[in-house]
Structure formats: structure tokens, C-alpha cells
Amino acid sequence: MKINALVAHDAAQPLSSGQIALRPLQQQDVKIEILYCGVCHSDLHMARNEWAVSRYPLVPGHEIVGRVVETGADVTNFKAGDVVGVGVMVDSCRECHFCQQQEEQYCESGFVATYNGIDKYTGDSTWGGYAQNVVVDQHFVVSVPQTLPLTGVAPLLCAGVTVWSPLRHFNVQAGDKVGVVGLGGLGHMAVKLASAMGAEVTLFTTSPGKGEDALRLGATRVVVSRDAGQMAAAQTSLDFIVDCVSAPHDLDPYLATLKTNGRLVLVGIPEQPHQSPNVTPMVNRRLSISGSSIGSIQETQEMLDFCGKHNITADIEVIAGQEIETAFARMLKGDVKYRFVIDMQATRW
């Protein structure tokens, strides 16, 4: 089953158009025609082997929206013509404690990544969404609300659920005071989702120019984190913080803005460790630092249903596949509001 795709052949070369072979359709599989695929920063890390785990050839992309074109004999959840999504994982052991309680992202054997994972049927690498089609087990496919524009849905499959999961897991409620650190692909979704949940959202940013946009997205307050006076004024005002920044930074100023019993959740993964926080205020005010990884299939579906109800999508810029290297370069400079999405129909193979 040969298809066209954007392929990374090694860390030093740009992605180029090529062909890959999809696995034969299994009984539980759906074959999806990919309409749109979001461009996550991790795609660039993987294409360039910046995490030293990439296997080539590699096809990035794990924010996939498409249409079902074929189903295996035992598929009951989907039919040809359904509009669906695929996120960061396409399989797991299905048997461990976490899989059994529908938290596949914490599978004790490790979930199978949408790309650069190991396909259990073929033993080859899994292929991502920078391609014409993808074949995925129905359990790892979600339904997309028909009311939402599909271009803006694609980033919800990673960026959206990555911030939704901690908001839901730690039971953020209407009226809670929630901080969001960083207004990028993850951060802008955290602002939108927390605001729609009824929280009062404070956006922390190093860029004063992002204040107007943050308010448009749903924040009620913007704090420039490099301004000592603004940070001092925000002290002990928040119940919960989602830190979306993927660069190393000092966590202490953000811990200072939490109330007693407050929690700081990290969803960004820096290349180097954060500076070790000061333990004293954590002990004296029972503060917590947590991490959170993507989200389960159940959480992804709940998040999409919530977004359909509240008309929430990502702020995106649509590109064709042949523009991917330009998009990578702009992404490195922060020159996108707030996610690139590849239109597969506009891509020249």
C-alpha cells in the first residue's frame, strides 16, 4: 500500500517528497485519507534527531484530521466517510493497569507513537501524518465534531489535549484562578480551554506585545514575567498553573504566585533541566510541582466534544507540504500564531 509522504532521510537534510508503504489493513484498522496535519515543535526535534531517538526514514506528524476511506472486518466504531482524528499514539499494550483504566499515555510498556514507533504487526517504524493516508487501530481514532473547521481541529489532537489533560485530572473548576506560562501552540490552547471552563486566566509572558492577543483568547490578566513589579503584584493569587514553556527557566517566580495548596504543572519539556526550585516555600505553603503527558484517548474525545460545544479551535496558519522547511524555520523564531497546519490537498507530491 504505497502512498506519498514528506520524508526525513537523515538529520541534516530537509524533508522531501517520497513514497512509503502502509501496513496491510488489520481487522480492527481504519484507513484514513489525511486532510490536515498540524506541525508540532516535536516534529522538528524528531526530523533533526535533536532527541537522539530518530530512526530514518521518518515521516513526522501526530495532529491528524482526515476521512475514513476503508475499515477492517471487525471495525464497529467508524465507517467510510466519517471525519476522524489521530493524535500522538496509535497503540499500547492494552493490558497494564494504566491501559485498563484508559490512561494509555502512561502504558507501562510505553505507548506506540504515531511516528517513529514500532508497528507491532510489521516490526517497522510507524509513519506520521505528513502523508496522504494513515492506517490506525480503531481504538486510537477519535470522532471530530462536524461543527468545527477542520484546519483548526488538527492541533487539538496534541496541543489541545496536552493542556486539557492536567486541567481535567487536577479538577480545575469554574471560578478557579489559573495561570498559563507562555503563549505558544500549547499556551494559547490552555488559555482558551481554561477560560471556557469558567476559570479566571492569568497569562505569563516575556513578550509585552502578546498581551492584547492573550485577552482576545480569554485571559483576564496578563503579567509580563520579566517585570518584577508585575510579578510581585501577582503573588499568592493563583490556584493552579500550567507551564507550557519548553526552554529551561526559573520556576520560583511562578511558585510565588500560587496560593497555599497551589500546583504548578509542567507540560513543556526543555532540552536542559530547569533550575532546581527553592524547597522552603513549597514546604511552608504545601505547593506541588507536577508533570503531565499528552492525554488518553478518552480525554481526547472529551476534549473534542467540549471544543465542539464551545466552538473552540486552534489559531492556525495553513501551509502546503512543500512549505514545511520554511514553517520549521519560522517556528524556531516564534513566527507563527499559533500553529502551522499542512493542507494535504494543496501539497504537491
Side-chain angles (χ1 to χ4, degrees), residues 8 11 14-15 36-51 60-63 88 130 151-152 154-163 179-195 201-219 221-227 230-231 241-251 253-254 265-275 294 312-343:
L15 272 65
Y36 302 102
C37 186
V39 179
C40 180
H41 203 114
S42 60
D43 297 343
L44 176 57
H45 288 308
M46 292 296 293
R48 302 292 190 258
N49 198 24
E50 292 173 355
W51 291 332
H62 57 210
E63 297 179 340
V88 179
Y130 292 13
T151 50
L156 302 181
L157 278 303
C158 172
V161 74
T162 296
V163 294
V180 175
V181 184
L183 195 67
L186 292 173
H188 94 287
M189 287 308 310
V191 170
K192 287 189 176 191
L193 290 169
S195 175
V201 180
T202 295
L203 186 279
F204 294 98
T205 178
T206 58
S207 306
K210 290 188 175 181
E212 184 176 338
D213 224 19
L215 296 174
R216 174 184 65 83
L217 294 168
R221 177 172 62 165
V222 178
V223 174
V224 178
S225 56
R226 289 175 175 163
D227 186 315
Q230 291 188 34
M231 291 296 287
I241 297 174
V242 183
D243 189 332
C244 303
V245 175
S246 295
H249 57 280
D250 186 358
L251 302 180
Y254 301 106
V265 178
L266 305 171
V267 296
I269 302 176
E271 294 180 8
Q272 300 295 325
H274 295 305
Q275 175 183 321
I294 55 170
I312 296 172
T313 54
D315 284 25
I316 54 97
E317 181 177 334
V318 179
I319 62 170
Q322 54 269 21
E323 301 172 85
I324 186 59
E325 290 295 331
T326 300
F328 279 167
R330 286 181 54 194
M331 190 166 60
L332 282 173
K333 296 187 292 185
D335 180 24
V336 57
K337 289 186 175 179
Y338 284 96
R339 205 69 151 187
F340 288 112
V341 173
I342 302 171
D343 181 346

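Note that the numbering runs from 1 along the sequence shown for the chain. Atoms considered below: every heavy atom in the structure, side chains included; atoms not considered: hydrogens, waters and symmetry mates.
- With a 4.5 Å cut-off on side-chain heavy atoms, Arg216 and Asp213 count as touching.
- At distances below 3.5 Å, not a single donor-acceptor pair connects side-chain atoms of Ser207 with backbone N or O atoms of Gly209.
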- Query: Is there a side-chain contact (heavy atoms from CB on, under 4.5 Å) between Met231 and Tyr254 once you walk through the steps?
  - Reply: CA-CA 8 Å; Met231 291 296 287; Tyr254 301 106; 4.2 Å; yes
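- Residues Pro60 and Met46 form no side-chain contact, since every pair of their non-hydrogen atoms from C-beta on lies 4.5 Å or further apart.
- Within the 4.5 Å cutoff, the side chain of Asp315 has no heavy atoms near those of the Lys337 side chain.
- Note that the CD atom of Gln230 and the OG1 atom of Thr202 stand 11.0 Å from one another [nearest 0.5 Å].
- For the residue pair Cys244 and Val180, the shortest heavy atom distance occurs at SG-CG1, 4.2 Å.
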- Query: Could you go step by step and tell me if Val161 and Val88 meet the side-chain contact (heavy atoms from CB on, under 4.5 Å) rule?
  - Reply: CA-CA 10 Å; Val161 74; Val88 179; over 6 Å; no
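- The aromatic rings of Phe328 and Tyr130 lie tilted to each other, with the angle between the two planes from 30° to 60°.
- Interatomic distance, CZ of Phe340 versus CD1 of Ile316, reported as 10.5 Å (0.5 Å rounding).
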- Message: side-chain contact (heavy atoms from CB on, under 4.5 Å) for Cys40 and Arg339? Distances and angles first, verdict last.
- Response: CA-CA 7 Å; Cys40 180; Arg339 205 69 151 187; 3.4 Å; yes
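- In this structure, the separation between OG on Ser195 and CD1 on Ile312 is 8.0 Å, given to the nearest 0.5 Å.
- Here CD of Glu271 is found 8.5 Å from CH2 of Trp51. Values are rounded to the nearest 0.5 Å.
- Remark: His274 pairs with His249 by the ring pair (Phe, Tyr, Trp, His ring centres under 6.0 Å) rule, at least two apart or across chains.
- Counting only heavy atoms from C-beta outward, the side chains of Leu251 and Leu266 approach each other to under 4.5 Å.
- Considering all non-hydrogen atoms of both residues, Ala320 and Ile342 come closest at C-CG2, 4.1 Å.
- A distance of 6.0 Å separates CG of Leu217 from CG of Leu183, quoted to the nearest 0.5 Å.
- Among residue pairs with one or both ends in residues 325-335, those qualifying as side-chain hydrogen bond (donor to acceptor under 3.5 Å, both in side chains) are Arg48-Glu325, Glu317-Arg330, Arg330-Asp335; sequence neighbours excluded.
- The two residues Leu186 and Val163 have their closest heavy-atom pair at O-CG1, 3.7 Å.
- Shown here for Val224 and Pro208, the closest heavy-atom pair between the two residues is CG2-CA, 4.0 Å.
- Lys192 contributes a side-chain N or O that, together with a main-chain N or O of Thr313, makes up a donor-acceptor pair within less than 3.5 Å.
- For Gln272 (side chain) and Pro248 (main-chain N/O), no donor-acceptor pair under 3.5 Å exists by modelled atom type.
- Nearest approach of Met189 to Leu156, heavy atoms of both residues: CE-CD2, 3.2 Å.
- Between Val341 and Thr151 the shortest heavy-atom distance is CG2-O, 3.5 Å.
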